[in-house]
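Numbering of ligands and ligand atoms starts at 1, following listing order.
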Amino acid sequence: MPLTVRITDVAPRDGLQNEPGSVPTASKATLVRRLAASGVDEIEITSFVSPKWVPQLGDAAELCQELAKDRQPGVVYSALVPNEQGLEAALAANARAGSRVVDKIAVIAAASETFSQRNTNASIAQSFERLAPVIRRAHEAGLAVRGYVSCIVACPFEGPVEPFAVAAVAGRLADLGVDEIDLGDTIGAGTPETIGRVISTTLQSLDESHGWDGASGVTLHLHDTRGLAAACVKVALELGVRSFDGSVAGLGGCPYAGTPTQPAPGNIDTRVLIGEIERCGLRHRIDRNTLERAAAFAAALRSAQRAETPA
Ligand code: HMG
Ligand code: MG
């Protein structure tokens with residue numbers, strides 16, 4: 001089993017989509033550059049979603065143009081894409097930038113009907129129909145595809161989600177040809193027990209029905225509501241997972257996962273994530289000091305946003 005863990009920082013996407021206002025494009029580019037310099041393997045740089053749904057990321061094409069100026073070699077740049085229109089926009093942004101900026105797209109599915117509907121205006125079944133041509137066309141264009149499964153432990157609207165429902169959605173995404181499954185604990189409801197159960201069930205199902213080799217190809221995406229995310233990382237590492245999403249400074253949250261009493265929680269801080277990986281005796285490629293500088297920049301962006309937006 002590999003000793004080095006792969007890390008994707010999703011702060012520019014999952015983090016900035018949840019800020020009250022739009023961060024300037026130049027600041028987003030600076031955040032991406034600082035993360036790239038820190039040694040993360042991949043950065044989810046933005047989303048090509050409807051700007052009516054997520055106005056904070058409405059500058060995805062402009063950001064790509066900016067990032068094309070000085071790409072850090074060896075770091076994968078990915079972007080969330082919910083439908084064919086989003087894929088076309090991502091491909092057009094690559095073409096306009098004059099060189100490939102987006103290497104990978106991330107498509108979104110969920111293990112909860114209500115969340116699927118609220119987040120993408122589609123049922124679970126409709127989302128597979130919508131994603132099939134997106135995945136096919138992305139591969140034709142030479143882009144890798146990550147498939148998210150949201151609500152792996154609980155849905156903010158329906159409550160607990162059964163592991164077999166998660167395994168079923170992961171299996172459908174595997175059938176559609178995604179290169180990677182990303183299991184998302186969207187509202188940070190997981191405990192080491194529930195996360196362990198859903199990972200085991202999904203890995204077994206992917207292995208039996210799709211011949212996926214153990215945990216390779218599976219990523220864990222944790223939000224950290226109750227300070228249990230690090231313990232969940234430990235369990236996942238024990239089960240063989242070697243790819244995780246973090247968000248520098250713990251930025252993050254899906255705007256469609258909050259409820260009036262419970263705002264969407266931030267992601268596990270990438271600094272907490274690498275601390276846990278080190279405690280478990282495994283390696284990563286991140287330089288902590290450079291990551292700290294990226295974290296300070298991300299925290300300053302968040303403070304500026306909060307200061308500008310009246311409560
Ligand atoms: P819809 O309203 O059903 O779409 O939304 P539509 O096809 O009817 O189009 C409506 C309008 O949106 C049209 O514009 C389209 O052109 C436009 P109009 O004619 O009214 O002017 N439109 C688009 N514009 C730009 N880019 C596009 C696009 N598509 C349509 N791609 C849709 C359906 C999927 C678009 C919408 O629901 C959407 O954008 N949802 C995304 C929501 C989102 O980004 N949520 C957060 C990310 S998921 C998350 O955070 C969870 C995760 O972190 C994992 C975890 O934690 O579990 C990934
Ligand atoms: Mg998320």
Under a 4.5 Å cut-off applied to non-hydrogen side-chain atoms, are N83 and L87 in contact?
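A side-chain contact is absent here, since even the closest heavy-atom pair is not under 4.5 Å.
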Can you tell if the side chain of T270 reaches within under 4.5 Å of the side chain of L291, non-hydrogen atoms only?
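A side-chain contact exists here, since the closest heavy-atom pair is under 4.5 Å.
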Which ligand 1 atoms, with their elements, are less than 4.0 angstrom from a heavy-atom of [X]?
| X | result |
| --- | --- |
| G184 | 57 (O) |
| H221 | 53 (O), 54 (C), 55 (C), 56 (O) |
| G86 | 31 (N) |
| H223 | 56 (O) |
| F48 | 26 (N), 27 (C), 31 (N) |
| Y148 | 54 (C), 58 (C) |
| C254 | 46 (C), 49 (C), 50 (O) |
| L80 | 47 (C) |

Sole residue of T219, V178, V76, I108 in side chain to side chain contact (heavy atoms under 4.5 Å, CB included) with R146:
T219
S112, C254, P160 screened by side chain to side chain contact (heavy atoms under 4.5 Å, CB included) with C151, the one that passes
S112
Considering [options], which one's heavy-atom position lies nearest to [atom]?
| atom | options | result |
| --- | --- | --- |
| atom 51 (C) of ligand 1 | G58, S150, A90, G253 | S150 |
| atom 26 (N) of ligand 1 | V10, N18, V49 | V49 |
| atom 41 (C) of ligand 1 | V54, N119, T120 | N119 |

Identity and separation of the nearest protein heavy atom to [atom]:
| atom | result |
| --- | --- |
| atom 23 (C) of ligand 1 | Q85 NE2, 3.2 Å |
| atom 34 (C) of ligand 1 | R130 NH1, 3.6 Å |
| atom 5 (O) of ligand 1 | W53 NE1, 3.5 Å |
| atom 12 (O) of ligand 1 | S50 OG, 3.5 Å |
| atom 18 (P) of ligand 1 | K52 NZ, 3.1 Å |
| atom 46 (C) of ligand 1 | Q17 OE1, 3.4 Å |
| atom 7 (O) of ligand 1 | N83 ND2, 4.8 Å |
| atom 3 (O) of ligand 1 | N121 ND2, 2.7 Å |

Take E62 and K28, measure what salt bridge (Lys or Arg N to Asp or Glu O under 4.0 Å) needs, and give me the verdict at the end.
CA-CA 11 Å; E62 292 75 16; K28 291 176 177 171; over 6 Å; no
For a salt bridge (Lys or Arg N to Asp or Glu O under 4.0 Å) with D41, tell me which candidate from R285, R283, R6 qualifies.
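With D41 as partner, salt bridge (Lys or Arg N to Asp or Glu O under 4.0 Å) holds for just one option, R285.
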Looking at D287, I want to see if its CG is surrounded by more than 12 non-hydrogen atoms of other residues, nucleotides or ligands under 6.0 Å.
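More than 12 heavy atoms, drawn from other residues, nucleotides or ligands, come within 6.0 Å of this atom.
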For [X] and ligand 1, does the shortest N/O to N/O distance drop below 3.5 Å?
| X | value |
| --- | --- |
| R13 | yes |
| C151 | no |
| P255 | no |
| Y256 | no |

Which distance, rounded to the nearest 0.5 Å, do you find between the [atom1] of [X] and the [atom2] of [Y]?
| X | Y | atom1 | atom2 | answer |
| --- | --- | --- | --- | --- |
| C280 | K234 | SG | NZ | 6.0 Å |
| L173 | E180 | CG | CD | 11.5 Å |
| E66 | I45 | CD | CD1 | 11.5 Å |
| Y77 | T8 | OH | OG1 | 13.0 Å |

Identify each donor-acceptor pair in which a side-chain atom of residues 134-142 lies under 3.5 Å from a protein atom, sequence neighbours left out, and give them as a table.
| residue | atom | partner | partner atom | Å |
| --- | --- | --- | --- | --- |
| R137 | NE | E88 | OE2 | 3.2 |
| H139 | NE2 | D179 | OD2 | 2.9 |

Pair L301-E19, side-chain contact (heavy atoms from CB on, under 4.5 Å): steps then yes or no:
CA-CA 9 Å; L301 283 183; E19 285 305 309; over 6 Å; no
Given the rule in the side-chain contact (heavy atoms from CB on, under 4.5 Å) test, do V153 and V161 qualify, once you have shown the distances and angles that lead to the verdict?
CA-CA 5 Å; V153 174; V161 170; over 6 Å; no
The residue among D185, D14, D9, D224 that forms side-chain hydrogen bond (donor to acceptor under 3.5 Å, both in side chains) with N267 is D14
Single hit among T46, T30, D59 for side-chain hydrogen bond (donor to acceptor under 3.5 Å, both in side chains) with T25:
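Among the candidates, only D59 passes.
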Any non-hydrogen protein atom below 4.0 Å of atom 10 (C) of ligand 1?
no
Counting only heavy atoms on the protein side, is anything nearer than 4.0 Å to atom 39 (O) of ligand 1?
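It does; a protein heavy atom is within 4.0 Å.
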Can you list, by chain and residue number, the protein N, O or S atoms under 2.8 Å from the Mg ion (ligand 2)?
D14 OD2, H221 NE2, H223 NE2
With a 3.5 Å distance limit and no angle check, can you tell me whether S205 reaches the backbone of T201 through a side-chain donor-acceptor pair?
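The answer is no, because no donor-acceptor pair under 3.5 Å joins these two groups.
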Under 4.0 Å between a side-chain nitrogen and a carboxylate oxygen: does that hold for E278 and R288?
yes
Do R118's NZ or CZ and the ring of F157 fall within the cation-pi criteria of under 6.0 Å and 45°?
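Flagged: R118 positioned over aromatic ring of F157.
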In this structure, does ligand 1 have an atom that sits under 4.0 Å from one of the heavy atoms of P51?
yes
Which bit of T186 is near ligand 1, meaning a heavy atom under 4.0 Å away: side chain, backbone, both or neither?
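Within the 4.0 Å criterion, T186 contacts ligand 1 through backbone and side-chain atoms alike.
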